[in-house]
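Source: prediction; values computed, not measured. Numbering of residues begins at 1 and proceeds along the displayed sequence.
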Amino acid sequence: MTKVAIVIGSTRPGRVGEAVARWVHELAAKRGDAEFELVDLKDYDLPHLDEMMPAAMGQYSQPHTRAWAEKVAGFDAFVFVTPEYNHSTTGALKNAIDFLHADWHNKAAGFVSYGSNGGVRAVEHLRLVLGELQVADVQAQVALSVFTDFEHFTAFKPGEHHEATLNTMLAQVVAWGEALAPLRT
């Protein structure tokens with residue numbers, strides 16, 4: 001069965017990304033077409049690129065890098081949950097992506113973003129970065145507004161209309177994750 005990681009892309013204290021990711025996981029778990037797992041970047045405590053060799057070399061020397069690589073390698077696809085900071089994604093998520101290289105190849109990705117403009121600019125940056133790593137990103141995207149999908153900018157209360165978009169995105173991620181399987185073997 002296709003394995004999909006729901007990656008919490010923020011490590012900031014007081015983050016709302018965890019609530020968003022749990023909502024994604026709760027709805028994804030109702031599907032029977034894949035296995036979904038929450039993956040929290042906070043659990044990996046990745047410093048800023050402390051490997052001596054570029055990730056493309058695949059020579060990971062640090063225990064935290066090897067643990068992160070093992071986790072990423074176990075998935076066929078990803079749903080990145082990201083806020084938008086200064087028209088981009090978080091430094092923590094970009095750093096986590098940059099730690100690895102071939103571990104990302106030939107996998108699929110979808111996005112759930114949030115911010116004042118729904119986090120869409122963060123996703124545009126992620127699409128460029130992941131394209132370089134041979135990750136196929138799907139078209140459907142959930143874009144949550146801090147003005148309408150959060151009470152007082154902190155309590156997550158998504159509009160019901162987002163559920164249909166989320167299900168479309170998850171269906172695309174699972175299908176693409178399955179379609180790319182022969183390239184990963």
Side-chain angles (χ1 to χ4, degrees), residues 1-46 67-68 70-85 88-97 99-100 104 107-127 129-130 135 137-138 140-174 176-177:
M1 183 168 279
T2 302
K3 294 181 71 177
V4 181
I6 300 167
V7 180
I8 305 171
S10 174
T11 59
R12 190 177 84 183
R15 64 190 176 161
V16 297
E18 187 173 357
V20 175
R22 291 193 184 288
W23 170 75
V24 172
H25 187 260
E26 179 182 306
L27 293 175
K30 294 177 183 177
R31 305 172 61 88
D33 57 352
E35 293 177 28
F36 296 91
E37 180 181 332
L38 281 174
V39 175
D40 192 341
L41 293 182
K42 284 180 81 168
D43 294 339
Y44 292 88
D45 197 27
L46 297 168
W68 178 233
E70 183 179 334
K71 181 54 96 176
V72 168
F75 292 103
D76 304 300
F78 304 89
V79 173
F80 293 99
V81 176
T82 183
E84 182 176 315
Y85 294 165
S88 190
T89 191
T90 67
L93 180 54
K94 176 67 165 72
N95 186 53
I97 291 169
F99 254 92
L100 309 177
W104 298 111
K107 297 180 180 184
F111 308 97
V112 176
S113 58
Y114 55 96
S116 60
N117 289 311
V120 297
R121 295 170 295 210
V123 171
E124 288 306 310
H125 284 184
L126 284 171
R127 289 181 193 278
V129 171
L130 292 171
V135 176
D137 59 285
V138 302
Q141 169 187 339
V142 178
L144 304 164
S145 170
V146 295
F147 298 110
T148 59
D149 295 306
F150 296 84
E151 284 182 3
H152 308 291
F153 302 101
T154 56
F156 183 50
K157 307 281 186 184
E160 289 183 25
H161 64 284
H162 291 301
E163 193 169 328
T165 306
L166 176 60
N167 277 313
T168 298
M169 183 268 294
L170 291 171
Q172 291 176 359
V173 165
V174 171
W176 283 43

Just jot down the side-chain hydrogen bond (donor to acceptor under 3.5 Å, both in side chains) partners of [X], sequence neighbours excluded, or say none.
| X | result |
| --- | --- |
| Tyr44 | none |
| Ser88 | His125 |
| Asp33 | Arg31 |

So, for [X] and [Y], which heavy atoms are closest and what is the spacing to 0.1 Å?
| X | Y | result |
| --- | --- | --- |
| Ala109 | Val173 | C-CG2, 3.9 Å |
| Gly177 | Ala77 | CA-CB, 4.4 Å |
| Val138 | Gly110 | CG2-CA, 3.9 Å |
| Ala122 | Pro83 | CB-O, 3.6 Å |
| Ala92 | Thr11 | CB-OG1, 3.6 Å |
| Ile8 | Ala21 | CG1-CB, 3.4 Å |

Partner residues of Asp137 under the salt bridge (charged side-chain N to carboxylate O under 4.0 Å, His left out) criterion, sequence neighbours left out: Arg127
Contacts of type ring-ring contact (aromatic ring centres under 6.0 Å, His included), residue Phe111, not counting sequence neighbours: none
May I ask you to decide if Gly9's main-chain N or O and Thr90's side chain share a donor-acceptor pair within less than 3.5 Å? yes
Ala34 meets the side-chain contact (heavy atoms from CB on, under 4.5 Å) criterion, sequence neighbours left out, with Thr2, Val4, Phe36, Val174
Can you list the residues that meet the side-chain contact (heavy atoms from CB on, under 4.5 Å) rule with Trp104, with sequence neighbours excluded? Trp68, Val72, Phe78, Phe80, Ile97, Leu100, Leu133, Val135
Taking side chain to side chain donor-acceptor pair (under 3.5 Å) as the cut-off, I'd like each qualifying pair that reaches into residues 109-119, sequence neighbours left out, listed once. Ser113-Gln141
Please lay out, stage by stage, how Leu126 and Leu93 fare under the test side chain to side chain contact (heavy atoms under 4.5 Å, CB included). CA-CA 9 Å; Leu126 284 171; Leu93 180 54; 3.9 Å; yes
Using the salt bridge (Lys or Arg N to Asp or Glu O under 4.0 Å) rule, collect all pairs that involve residues 34-44, keeping only residues at least two apart or in two chains. Arg15-Asp40, Glu37-Lys71
Give me each pair satisfying salt bridge (Lys or Arg N to Asp or Glu O under 4.0 Å) with a member in residues 88-97, each pair once, sequence neighbours excluded. Lys94-Asp98
For residues 151-166, tabulate all N or O donor-acceptor pairs below 3.5 Å that involve a side-chain atom, not counting sequence neighbours.
unit_1 : atom_1 : unit_2 : atom_2 : d
His162 : NE2    : Asp149 : OD1    : 3.2
His162 : NE2    : Asp149 : OD2    : 3.0

Take Glu26 and Arg22, measure what salt bridge (charged side-chain N to carboxylate O under 4.0 Å, His left out) needs, and give me the verdict at the end. CA-CA 6 Å; Glu26 179 182 306; Arg22 291 193 184 288; over 6 Å; no
